[in-house]
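Remarks on the structure that follows.
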Amino acid sequence: MEAKDGSFGFDFGGVYDDVKTNELIEYTLGDGRKVSIRFAVNGNETKVVETFEAESTNPIEMQRGGWQAILDNFKKYTESN
């Protein structure tokens, strides 16, 4: 992943552990941390809840902000297409 302006980037890889269409995506990152994404449909809206195991290098708030930025961009993308 990389910032649009190229100012920051990092490798991001893993293995999918479980995928249930329109319901769940779980995967393990390359460093062993787990991520779970759940989708809950409510009428014309979908609630997305992402849970991740934090790494120990960066502050948790910074990590949470990064994950939230990804979700915010995903929301913009889905609402415009």
Side-chain angles (χ1 to χ4, degrees):
M1 300 188 108
E2 189 164 327
K4 285 184 180 181
D5 65 3
S7 63
F8 179 78
F10 57 91
D11 291 336
F12 194 78
V15 175
Y16 290 106
D17 300 316
D18 194 7
V19 177
K20 295 179 182 163
T21 303
N22 300 325
E23 185 180 333
L24 170 75
I25 301 171
E26 292 182 333
Y27 57 96
T28 302
L29 295 169
D31 62 5
R33 293 180 293 130
K34 302 282 187 179
V35 179
S36 175
I37 308 164
R38 297 192 178 274
F39 303 89
V41 176
N42 183 10
N44 289 336
E45 297 182 350
T46 302
K47 181 178 181 178
V48 180
V49 177
E50 186 165 14
T51 306
F52 66 95
E53 293 178 355
E55 45 94 351
S56 59
T57 304
N58 295 296
I60 188 72
E61 289 304 319
M62 180 181 173
Q63 294 177 63
R64 185 177 290 130
W67 287 95
Q68 187 62 54
I70 292 167
L71 286 171
D72 291 345
N73 285 331
F74 178 68
K75 180 180 187 289
K76 285 182 208 172
Y77 173 80
T78 58
E79 289 179 344
S80 68
N81 291 300

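Everything numeric in this text was worked out from a predicted model, so none of it was measured. The first residue in the sequence is number 1, and the count goes up from there.
- With rounding to the nearest 0.5 angstrom, the CD atom of Glu23 is 9.0 Å from the OG1 atom of Thr21.
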In residues 24-40, what donor-acceptor pairs under 3.5 Å come from side-chain atoms, sequence neighbours left out?
{"from": "Thr28", "atom 1": "OG1", "to": "Asp17", "atom 2": "OD1", "distance (Å)": "3.4"}
{"from": "Thr28", "atom 1": "OG1", "to": "Asp17", "atom 2": "OD2", "distance (Å)": "2.5"}
{"from": "Thr28", "atom 1": "OG1", "to": "Lys34", "atom 2": "NZ", "distance (Å)": "2.9"}
{"from": "Asp31", "atom 1": "OD1", "to": "Arg33", "atom 2": "N", "distance (Å)": "3.2"}
{"from": "Asp31", "atom 1": "OD1", "to": "Arg33", "atom 2": "NE", "distance (Å)": "3.2"}
{"from": "Asp31", "atom 1": "OD2", "to": "Arg33", "atom 2": "NE", "distance (Å)": "2.8"}
{"from": "Asp31", "atom 1": "OD2", "to": "Arg33", "atom 2": "NH2", "distance (Å)": "3.3"}
{"from": "Arg33", "atom 1": "NH1", "to": "Glu53", "atom 2": "O", "distance (Å)": "2.9"}

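- Summarising the geometry of Thr78 relative to Lys75, their closest heavy-atom pair is OG1-O, 3.0 Å, with the distance given to 0.1 Å.
- Linking ILVMFWY residues whenever their side-chain heavy atoms come closer than 4.5 Å, directly or via other members, places Val19 and Phe52 in the same cluster.
- For CG of Asn42, the number of neighbouring non-hydrogen atoms (other residues, nucleotides, ligands) closer than 6.0 Å is 12 at most.
- The cluster map of Ile, Leu, Val, Met, Phe, Trp and Tyr, joined by side-chain heavy atoms under 4.5 Å apart, puts Ile60 and Val49 in different clusters.
- Residues Trp67 and Leu71 share a single hydrophobic cluster, defined by chaining ILVMFWY side chains whose heavy atoms lie under 4.5 Å apart.
- In the displayed structure, Asn44 atom CG is contacted under 6.0 Å by at most 12 heavy atoms of other residues, nucleotides or ligands.
- Counting heavy-atom neighbours within 6.0 Å of Asn22 CG, excluding the residue itself, gives a total of 12 or less.
- Rounded to the nearest 0.5 angstrom, Asn81 CG and Lys76 NZ are separated by 13.5 Å.
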